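All figures in this text were calculated on a predicted structure; none of them were measured in a lab.
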Amino acid sequence: MSTDEVRVVDNPEKERFEIYLGGALAGFVIYELAPGVITFVHTEVDPNFDGRGLGGRLVSQALETARERGLAVVPLCPFVRRYIQQHPAYAELVTS
């Protein structure tokens with residue numbers, strides 16, 4: 001899988017980051033925004049795209065975007081929480 005096939009976009013109308021493989025929606029992470037804070041509520045990857053690392057790429061890009069926007073992160077979603085535990089560079093973004 002080449003990198004140019006995968007793209008992550010913020011869809012603020014649906015309050016989620018979406019990951020696409022080619023033209024197909026492969027997954028999303030739902031968020032809630034408050035002033036200065038983004039809460040990640042739920043992550044879902046279509047079972048047809050399992051095993052390709054797309055969930056991790058999606059969450060990584062969502063966390064990078066939160067960092068760029070200066071947002072603190074509340075990882076309610078267990079997948080996001082686990083990803084942050086496995087990638088401690090993002091721990092500084094987490095607020096209680």
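Residues I19 and L54 approach most closely at CD1-O, 3.5 Å, considering heavy atoms. Considering all non-hydrogen atoms of both residues, V80 and V59 come closest at CG2-CG2, 4.0 Å. Nearest heavy atom pair, residue D10 against residue R16, reads OD1-O, 3.6 Å. The two atoms that bring H42 and C77 nearest to each other are N-CB, 3.8 Å, heavy atoms only. Taking each heavy atom of P75 and V94 in turn, the nearest pair found is CD-CG1, 3.9 Å.
The one candidate from V73, I30, I84, L76 that meets the side-chain contact (heavy atoms from CB on, under 4.5 Å) condition with F40 is V73.
No continuous path of ILVMFWY side-chain contacts below 4.5 Å connects V41 to V8, so the two sit in separate hydrophobic clusters. Following chains of ILVMFWY side-chain contacts shorter than 4.5 Å, one cannot reach L25 starting from V6, and the two form parts of different hydrophobic clusters.
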Exercise for review: Given salt bridge (Lys or Arg N to Asp or Glu O under 4.0 Å), test R52 with D46 step by step and report yes or no.
Suggested key: CA-CA 11 Å; R52 300 183 193 199; D46 185 313; over 6 Å; no
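Legend: residues meeting salt bridge (Lys or Arg N to Asp or Glu O under 4.0 Å) with R82, ordered by chain and number and at least two apart, are absent.
Atom-to-atom distance recorded for N48:CG and L21:CG is 11.0 Å, nearest 0.5 angstrom. Taking CG of L58 as the start and OH of Y83 as the end, the distance is 10.0 Å to the nearest 0.5 Å. Atom CD of E15 sits about 6.5 Å away from atom CG of L33, to the nearest 0.5 Å. Taking OH from Y31 and CG from L71, the interatomic distance works out to 9.5 Å, rounded to the nearest 0.5 Å.
Using a 4.5 Å cut-off on side-chain heavy atoms (C-beta onward), V37 and T39 make contact.
Side-chain atoms of S60 and Y90 form a donor-acceptor pair, as typed in the model, at a separation below 3.5 Å. Judged by distance alone, the side chains of E18 and Y20 do bring a donor and an acceptor atom under 3.5 Å apart.
Two rings, from F17 and F28, have their centers 6.0 Å or more apart.
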